[in-house]
Amino acid sequence: MILVTGGLGYIGSHTTVELLEEGFKVLVVDDLSNSSIEVLRGIERACGKKPFFERLSLNERMSVKSLFHNYRDIDGIIHFAASKAVGESVSRPLLYYDNNLTPLIYLLQEVEMLDRDIPIVFSSSCTVYGEPDTLPITEEAPLKKAKSPYGNTKRIGEEILADALRANKKLSTVILRYFNPIGAHDSLEIGELPIGTPQNLVPFITQTAMGRHEKLIVFGDDYPTPDGTCIRDYIHIVDLAKAHVTALQRTLKGEERNRYEVFNLGTGKGHSVYEVIDSFERVSGTKLNYEIGPRREGDVVEAYADVSRANEFLGWKADLSLDQAMMSAWKWEEKLRNTIKHR
Ligand code: WQD
């Protein structure tokens with residue numbers, strides 16, 4: 001059985017679907033602080049299979065202990081559960097350090113107590129690289145001081161894992177550094193569910209086109225890039241989810257590998273904000289209302305991944321295009337509108 005913490009979140013739910021479709025038994029744990037129980041039914045509709053589900057907070061040591069007591073056949077962990085709003089982390093740093101680090105420590109302590117080889121796949125982020133010195137970004141790139149407590153919790157999480165493994169040869173981990181996940185499952189039964197006004201570009205684009213916002217503000221077009229807007233590596237959420245399955249299979253097969261492995265998960269291609277807008281207008285046939293505003297504090301100019309290590313060692317690469325991701329994001333937004341209308 002695979003424990004998926006935060007399994008009702010955006011990346012967690014898509015990964016749970018891919019795990020179930022691969023035939024894994026899955027236990028989803030989620031405290032519903034940033035997701036809805038409706039996502040559990042969406043997962044079942046998306047793949048016709050049901051995961052086990054426990055609603056609990058991993059911030060309580062006893063909850064984690066009882067979870068492993070009640071489920072004796074956990075063979076691997078994919079740890080998504082975390083708070084992830086960059087802006088909120090600046091105003092509420094202690095909440096972020098507690099939410100994003102305490103559960104990781106409790107999970108590792110339980111695995112140590114069980115004295116069984118239970119690999120943990122850790123959800124990290126390209127944000128640990130800060131403003132990269134060279135592009136594309138490889139896993140050897142220096143980690144920079146994060147520009148937000150959120151980014152710092154990802155970097156500290158990686159260090160906690162490194163120190164824990166150094167002290168306990170039984171532990172093993174695969175760290176996955178995501179670039180920019182976008183889009184929705186092609187069943188349209190699961191997708192991104194931003195709480196409140198989205199901070200991220202793509203859900204803001206689709207909500208604006210749906211009439212939920214008057215216009216999109218492009219945060220600066222005076223950057224040193226070809227069209228002046230920032231460049232990112234936007235990866236289809238389904239490609240990202242599949243990478244978790246291959247990473248987990250690699251650890252479970254006990255293939256010749258280090259016990260501490262790090263992989264960038266992106267497409268290896270960068271796209272500017274204007275290119276994302278163009279892609280959206282092309283696939284949706286909808287003109288987007290936007291205007292240029294001031295730069296956003298903390299934005300890096302350009303970030304896209306060198307994915308050769310994941311290609312080689314995971315045997316994985318992103319297959320879906322920016323247009324396919326934007327089309328799925330738009331169809332998901334239309335589905336949400338129709339669902340809300342019929343409520
Ligand atoms: C992308 C581009 C903005 C909104 C964040 C997190 C990162 C990871 C992915 C979790 C930037 C521009 C955005 C808008 C805009 N999350 N933009 N107008 O900042 O690259 O990364 O999400 O792991 O940790 O930091 O993503 O979607 O916010 O921004 O012009 O209304 O879109 O300036 O250039 P980002 P984003």
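Counting starts at 1 for both ligands and their atoms, in listed order. For clarity, every value in this text was computed on a predicted model and none was experimentally measured.
At the shortest separation from atom 21 (O) of ligand 1 among protein heavy atoms lies Asn180 ND2, 3.7 Å. When hydrogens are left out, the protein atom nearest atom 33 (O) of ligand 1 is Asp299 OD2, 2.6 Å; that is the closest non-hydrogen contact. Protein heavy atom closest to atom 8 (C) of ligand 1, with residue, atom name and distance, is Ser125 OG, 4.3 Å. When hydrogens are left out, the protein atom nearest atom 25 (O) of ligand 1 is Val86 CG2, 3.4 Å; that is the closest non-hydrogen contact. Shortest contact from atom 20 (O) of ligand 1 to any protein heavy atom: Arg232 NE, 2.6 Å. Nearest to atom 29 (O) of ligand 1 among the protein's heavy atoms is Arg296 NH2, 3.2 Å. In terms of protein heavy atoms, atom 23 (O) of ligand 1 is closest to Tyr150 OH, 2.6 Å. Counting only heavy atoms of the protein, atom 1 (C) of ligand 1 lies nearest to Tyr234 OH, 3.5 Å.
Compare Thr197, Ile182, Leu201 by their heavy atoms: the one nearest to atom 32 (O) of ligand 1 is in Leu201.
Comment: Glu297 does not engage Lys147 in a salt bridge, judged by the lack of any side-chain N to carboxylate O separation of less than 4.0 angstrom. Lys144 has no carboxylate O lying under 4.0 Å from a charged side-chain N of Glu131, or vice versa, which leaves the two without a salt bridge. Salt-bridge annotation for Asp299 and Arg232: present, with a side-chain N of the basic residue lying under 4.0 Å from a carboxylate O of the acidic one. Using a cut-off of 4.0 Å between Lys/Arg side-chain N and Asp/Glu carboxylate O, Asp163 and Arg166 are scored as salt-bridged. A salt bridge links Glu38 to Arg45: at least one charged side-chain nitrogen sits closer than 4.0 Å to a carboxylate oxygen. Using a 4.0 Å cut-off between a side-chain N of Lys or Arg and a carboxylate O of Asp or Glu, Glu110 and Lys65 qualify as a salt bridge. A salt bridge is absent between Asp30 and Arg55: the closest approach of a Lys/Arg side-chain nitrogen to an acidic carboxylate oxygen does not fall below 4.0 angstrom. Ion pair Arg250/Glu261 flagged as a salt bridge, since at least one NZ, NE, NH1 or NH2 atom sits closer than 4.0 Å to an Asp/Glu carboxylate oxygen.
By the criterion of a heavy-atom distance under 4.0 Å, the backbone of Ile217, and not its side chain, is placed next to ligand 1. Residue-level proximity to ligand 1 for Tyr274 is absent, since no heavy atom of it falls below 4.0 angstrom. The part of Gln199 lying near ligand 1 is the backbone, judged by heavy-atom distances below 4.0 Å. Residue-level proximity to ligand 1 for Asn200 is carried by backbone and side chain together, each with a heavy atom below 4.0 angstrom.
Aromatic ring centres of Phe80 and His244: separated by under 6.0 Å.
Close contacts between ligand 1 and Cys230 involve ligand atoms 34 (O) [criterion: under 4.0 Å to a heavy atom]. Proximity to Leu216 (heavy-atom distance under 4.0 Å) selects the following atoms of ligand 1: 14 (C), 18 (N), 31 (O). Heavy-atom proximity to Val273, at under 4.0 Å, picks out these atoms of ligand 1: 12 (C), 32 (O), 34 (O). Listed by atom number, the atoms of ligand 1 under 4.0 Å from Thr127 heavy atoms are 24 (O). Near Val218, meaning under 4.0 Å from one of its heavy atoms, ligand 1 places the atoms 30 (O).
Taking the side chain as every heavy atom from C-beta outward, Met326 and Trp330 never approach each other to under 4.5 Å.
Ligand 1 has no N or O atom lying under 3.5 Å from any N or O atom of Lys84, backbone or side chain. Residue contacts with ligand 1: Phe219 is placed with a nitrogen or oxygen under 3.5 Å of a nitrogen or oxygen of the ligand (distance criterion only).
To the nearest 0.5 Å, atom NE2 of residue His79 and atom CG of residue Leu161 are 8.5 Å apart.
When each of Thr102, Asp31, Asn99 is tested with Asn59 by the rule side-chain hydrogen bond (donor to acceptor under 3.5 Å, both in side chains), just one qualifies, namely Asn99.
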